[in-house]
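When reading the values below, keep in mind they use all heavy atoms of this one structure, side chains included, and skip hydrogens, waters and symmetry mates. On a predicted model such as this, the values are computed, not experimentally measured, just so you know. In what follows, chains carry the letters A, B, and so on, assigned in the order in which the sequence lines appear, proteins first and then strands, with residues in each chain numbered from 1.
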Number of protein chains: 2
Amino acid sequence: MTTTTDARERLVATAQELFAAQGVGPTSPRQVLAASGVGQGSLYHHFPTKHDLAVAAVGATVDEALTAARRDLEAGGPALERVIGYVRRPREALAGCKVGRLTSDQAVMDDDGLRDVVTAYFVRLLDAVTATLRDAGLPEAEARDRAHTAVAVVQGGYVLARATGDPEAMRAAVRGFVAMLKETP
Amino acid sequence: MTTTTDARERLVATAQELFAAQGVGPTSPRQVLAASGVGQGSLYHHFPTKHDLAVAAVGATVDEALTAARRDLEAGGPALERVIGYVRRPREALAGCKVGRLTSDQAVMDDDGLRDVVTAYFVRLLDAVTATLRDAGLPEAEARDRAHTAVAVVQGGYVLARATGDPEAMRAAVRGFVAMLKETP
DNA sequence: GTCTATAAAGTGATAGAC
DNA sequence: GTCTATCACTTTATAGAC
C-alpha cells in the first residue's frame, strides 16, 4: 500500500458526508470529486462505478452507527437503563438518521447490494435491543415487540423533527416512550 | 371549465402515484407525461414548472392522509380506543408513508413551499392525536409527549418495515406501543 | 495513480406551429 | 389547450495522454 491510498479514504469520507447531507441518489460522483479534492480519473480508478463508491461509504456509515448503538446497549448499569440510555442519546434530529433516511432513498433501495447493507444494520440493531430487554426480564415476545417500538420511536422521532423543523419533536417522542417504559414492568 | 380540465387532474393523480413510488426528486416531468398520457406542452401549460406540479400533487396527498387520520381519531368509542385504532390501522408498510418519506426527499425539503405543506400535515396530525389523548384523560404535557410517541411509532414502523423488507416489523412496533399504552393509565 | 477531454443519455424548460 | 422540436445543462462513465 502506497501513501496515495489516502485518496481512497478521502473519497469515502467525503461521500459519507454528502450522502448524509443530501442522500445517495442526489449526490453525483462529480460533487464527491470537487469536495474531496481528488482528480476525476482518480475516483474512477478506485471506484469504477457510483455503486462501488456507495457501497464503501454506506458500509462505513453503518459500521459507525452500529458501534455507537452497541456502546449504549452494552454499557454498565441495569439493562432497562441501558435501553433508556440508547433512546435518549442526543442526536442531530434535524439532520435525520444517516442510515434510516436511506430507506426512502430510491438509489439505495433499487440497489441490491446497498439495500442489504441497510437491512443488516436494522436486523442487528433490533437484535441488540431485544437482547437487552430480555436481560431486563421481559419474555422473548414482549422484548421483541418493545425493541421494535424503541427503534421506531427513534426513527420516527427523526421524521417528526425534520417535518416540523424542531428537534424538540424527537425529544417529546422519546420522553413519552421512556415514561411508558418505566411504568410497565 | 371545459372538459379538457381533466388533463390537469390526470397529471396530478399520476404525479401522486409516481411521487409515492419513487419520491419527488427522482420523478421527472417526462415520466409524468408518459404515464398520464397527456402531451408535453400540455403539462407545461397547466404547470409551468416542476415545483407547481409538485405543490398540487403533494397538497392532494397530504389532504387525503389528514382526512384518513381524522376519520380514525374522530370515530365513535372511548378516546383511548380511537388512538389505538389510528396506530393499528392497516398500512402498506413496505411502500413507506407517502408524507413521511418526503422528509428525506431533498427536492421537497429544499423547496420552501413544499416543505411547508409537509410541516403543516404533521403539526395538524400531532394536534389531533394530542387532543384525543387529552379527551382520554391525560394532562396536557403527557398528552403531547404521548401523541409524539404514537406518531413516531407509526413513522418509525414504516422505516423498519422498509429496512427489513418485512411488514411485520411495523406491526411489532405498534403491538409494543399499544401494550404499553393500555398498561399506563 | 492521476490528469484532461469527451461521450451518450437524461434533466427541466422553452419555442412556435396547429 | 395541445403538439413536436429543441435548448442548455447535468448525469454517469470512458478514452487516452502523462
Side-chain angles (χ1 to χ4, degrees), chain A residues 1-19 21-59 102 105-115, chain B residues 1-19 21-59 102 105-115:
Chain A
M1 305 294 173
T2 66
T3 54
T4 49
T5 304
D6 64 359
R8 186 193 173 94
E9 288 165 23
R10 260 183 301 147
L11 285 166
V12 172
T14 304
Q16 286 188 261
E17 288 168 25
L18 290 174
F19 289 172
Q22 54 185 15
V24 176
T27 300
S28 70
R30 273 180 141 105
Q31 286 181 293
V32 180
L33 285 179
S36 67
V38 310
Q40 193 163 352
S42 191
L43 188 161
Y44 284 102
H45 169 73
H46 290 292
F47 303 102
T49 69
K50 182 180 174 177
H51 163 87
D52 298 310
L53 174 60
V55 167
V58 170
L102 300 177
D105 194 321
Q106 213 56 23
V108 172
M109 300 306 277
D110 285 348
D111 182 312
D112 288 4
L114 286 177
R115 197 185 47 245
Chain B
M1 304 295 172
T2 66
T3 54
T4 49
T5 304
D6 66 358
R8 186 194 173 94
E9 288 166 22
R10 260 184 302 148
L11 285 166
V12 172
T14 304
Q16 285 186 263
E17 287 169 24
L18 290 174
F19 288 173
Q22 53 185 18
V24 176
T27 300
S28 69
R30 275 179 137 104
Q31 285 181 293
V32 179
L33 284 180
S36 68
V38 310
Q40 195 163 354
S42 191
L43 188 162
Y44 285 102
H45 168 75
H46 290 293
F47 303 101
T49 70
K50 182 180 174 176
H51 163 88
D52 298 311
L53 174 60
V55 167
V58 170
L102 301 176
D105 194 320
Q106 215 55 23
V108 172
M109 299 307 277
D110 286 349
D111 182 313
D112 287 5
L114 287 177
R115 198 185 46 246

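- One interatomic measurement links the two molecules: CG of B/Leu43 to P of C/dT14, which rounds to 12 Å at whole-angstrom precision.
- Atom CZ of A/Arg8 is separated from atom C1' of C/dT2 by 16 Å (rounded to the nearest Å).
- Here the side chain of A/Gln40 is nearest to one of C/dA5, D/dT4, C/dT2, namely C/dA5.
- At C/dG12, none of the side-chain N or O atoms of B/His51 fall inside 4.0 Å of OP1 or OP2 (strictly under the cut-off).
- Side-chain atoms of B/Lys50 lie closest to C/dG12 of the nucleotides D/dT2, C/dG12, D/dT11.
- Taking atom CG of B/Leu18 as the reference point, atom P of C/dT11 lies 12 Å away to the nearest angstrom.
- Contact of the A/Val12 side chain with the A/Phe47 side chain is registered, since non-hydrogen atoms from C-beta on lie closer than 4.5 Å.
- Atom CZ of B/Phe47 is separated from atom C1' of C/dG12 by 16 Å (rounded to the nearest Å).
- A distance of 8.0 Å separates CZ in A/Arg10 from OG in A/Ser42, rounded to the nearest 0.5 Å.
- Rounded to an integer number of Å, the gap from A/Glu9 CD to C/dG1 C1' is 15 Å.
- Only B/Arg30, listed by number, bring a heavy atom of residues 30-39 of chain B to less than 4.0 angstrom from any atom of DNA chain C.
- Note: A/Leu53 CG to A/Arg8 CZ = 9.5 Å, rounded to the nearest 0.5 Å.
- Atoms OH (B/Tyr44) and P (D/dC7) sit 16 Å apart, rounded to a whole Å.
- When the nucleotides C/dC3, D/dT12, C/dG12 are ranked by their closest atom to the side chain of A/Ser28, D/dT12 comes out on top.
- Atom-to-atom distance recorded for A/Arg115:CZ and A/Leu102:CG is 13.0 Å, nearest 0.5 angstrom.
- Sorted by first and then second residue, the side-chain hydrogen bond (donor to acceptor under 3.5 Å, both in side chains) pairs with a member in residues 22-37 of chain A read A/Gln22-A/Thr27, A/Gln22-A/Gln31; sequence neighbours excluded.
- For B/His51, the side-chain contact (heavy atoms from CB on, under 4.5 Å) partners two or more places apart in sequence, or in a different chain, are B/Thr49, B/Val55, B/Asp111.
- The structure places OG1 of B/Thr14 at 6.0 Å from CD of B/Glu17, a figure rounded to the nearest 0.5 Å.
- Of the candidates D/dT12, C/dA13, D/dG1, the closest approach to any side-chain atom of B/His45 belongs to D/dG1.
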